[in-house]
Visitor: 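I am attaching a structure below and will ask some questions about it afterwards.
Owing to the predicted nature of the structure, the values given are computational and were not obtained by experimental measurement. Order of the sequence lines fixes the chain letters, A, B, ..., with proteins taken first and strands second; residue numbering starts at 1 for each chain.
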2 protein chains.
Amino acid sequence: MTLHGVQALVFDVFGTVVDWRSGIARDAEPFLARHAPGASATDFADAWRRRYSPAMEEVRSGRRPFTRLDVLHRENLEDILPDFGIDIAAVASDEVEALNLAWHRLDPWPDSVAGLQRLKAGYIIAPLSNGNIRLMLDMAKRAGLPWDAILGAEVAQAYKPSPQAYLRTAEVLGLRPEQVCLVAAHNGDLAAARRCGLRTAFVARPTEHGPAQRTDLVPEQDWEVVAGDFADLASRLGL
Amino acid sequence: MTLHGVQALVFDVFGTVVDWRSGIARDAEPFLARHAPGASATDFADAWRRRYSPAMEEVRSGRRPFTRLDVLHRENLEDILPDFGIDIAAVASDEVEALNLAWHRLDPWPDSVAGLQRLKAGYIIAPLSNGNIRLMLDMAKRAGLPWDAILGAEVAQAYKPSPQAYLRTAEVLGLRPEQVCLVAAHNGDLAAARRCGLRTAFVARPTEHGPAQRTDLVPEQDWEVVAGDFADLASRLGL
């Protein structure tokens with residue numbers, strides 16, 4: 001047994017469980033057709049996502065109190081509109097908000113739901129995402145992600161990769177860090193979890209950033225488990 | 001439609017969704033057989049539960065920082081053992097802890113799971129219980145309670161009937177109070193929720209406290225919905 005003593009698997013979500021880039025591009029397309037004809041929807045998704053980590057860094061650094069991701073996403077969206085030649089004053093606020101909720105409507109990778117169902121038979125499964133509770137809830141309800149609970153940044157009141165995000169999640173589960181395993185497609189997330197004492201499982205998602213992706217194609221440390229997808233992960237854990 | 005504009009149903013759990021008295025008595029029975037032969041298991045359940053609200057009052061009053069219910073239950077359990085002639089020093093700590101987890105193993109009322117499945121098709125459903133996240137998670141996983149998320153006191157960092165317990169739950173859901181309906185078998189819980197602007201649904205659980213129950217047998221205000229059980233509640237909401 002690779003993960004002896006582990007009782008809970010906690011999951012990075014954006015990129016690991018769901019395909020954010022395709023989902024955002026799909027929902028941005030009709031918006032761009034109206035307001036910025038000819039703009040690339042995947043460029044728009046990439047631009048929006050580039051503001052993600054800097055926005056959370058304001059919170060992680062202590063310069064800003066904890067603010068849920070829906071709010072940061074909305075600010076970031078308003079920030080990038082001018083880059084695509086869109087005048088925010090010319091777009092109805094409701095329309096901006098509808099696009100902001102695209103993060104609640106992301107599709108899982110093809111293996112995610114069936115894999116989580118198998119993993120749920122042997123472990124507590126929960127997201128440990130920077131996405132807020134309502135975002136994760138809407139996504140799960142729409143896509144059928146069978147979480148046992150919705151954990152993550154909003155419950156911990158700390159954004160990954162701050163240690164508090166991992167440690168408070170273990171604490172809420174009533175577990176020691178080594179009884180929890182983070183499943184993620186990102187070496188940096190796994191490295192931060194390992195520094196907190198969690199176990200680690202890497203699942204490659206080589207097209208998260210599109211066909212030309214060059215990061216996180218391979219495990220960069222000796223993670224306890226390395227799997228090709230969630231079906232492979234379940235098999236490796238004997239489920 | 002009785003609950004026009006409501007997007008989420010949040011549930012009291014102990015007494016409303018699950019039968020705590022029978023469950024605690026069932027798990028206390030073998031413990032008492034070993035340590036206090038002849039003691040009544042239902043008396044034991046009632047004694048343990050009587051300490052519930054006073055323990056939370058220490059937190060609600062601000063005399064004690066937020067402390068999760070598993071910890072309060074353990075303290076309360078140790079407090080009542082002498083009343084049943086049990087010397088805490090004579091019982092292994094693991095055995096006390098195993099009994100403390102009886103709250104994680106409570107059975108739902110017969111209509112709860114099927115009713116929640118129906119309600120889930122039309123609403124976000126989540127516990128708004130004073131039970132902590134891991135307690136609610138274990139209970140749901142064992143009993144098949146199909147929550148969309150686990151909310152409640154630990155997420156809100158406030159115990160019902162403090163207003164913050166209701167208001168922060170609505171806030172986490174991204175909803176205004178009137179878009180949330182509390183489902184509970186307790187008039188006092190519903191009254192506190194109504195004072196915060198939530199809608200209210202009363203479901204009678206006339207044997208929560210055993211065959212001689214005299215409280216909460218009938219609705220004491222004009223709650224928006226009054227139902228006989230969760231199946232009736234689902235029907236009244238058109239599901």
Visitor: E171(B) and R68(A): which non-hydrogen atoms are nearest, and at how many Å?
Guide: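 Heavy-atom minimum between the residues: O-NH1, 3.2 Å.
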
Visitor: Which atom names give the shortest non-hydrogen contact between K120(A) and K141(B), and what distance separates them?
Guide: O-NZ, 2.9 Å

Visitor: What heavy-atom pair brings E154(A) and V172(B) nearest, and what distance separates the two atoms?
Guide: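 Closest approach of E154(A) to V172(B): OE2-CG2, 3.7 Å.
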
Visitor: Applying side-chain contact (heavy atoms from CB on, under 4.5 Å) between I133(A) and each of L173(B), I150(B), L151(B), T169(B), report the one that passes.
Guide: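 Single pass found, and it is L151(B).
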
Visitor: Picking from A8(A), A149(A), G174(A), which has the most non-hydrogen pairs under 4.5 angstrom with chain B?
Guide: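 That would be A149(A).
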
Visitor: Check each atom of D148(B) against the heavy atoms of chain A and say whether the ones under 4.5 Å are side chain, backbone, both or neither.
Guide: both

Visitor: Return the CZ to CD distance between R134(B) and Q7(A), rounded to the nearest 0.5 Å.
Guide: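 Those atoms lie 5.5 Å apart.
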
Visitor: For D138(A) versus I124(B), what's the shortest heavy-atom pair and its separation?
Guide: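 Nearest heavy atoms, D138(A) then I124(B): OD1-CD1, 4.4 Å.
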
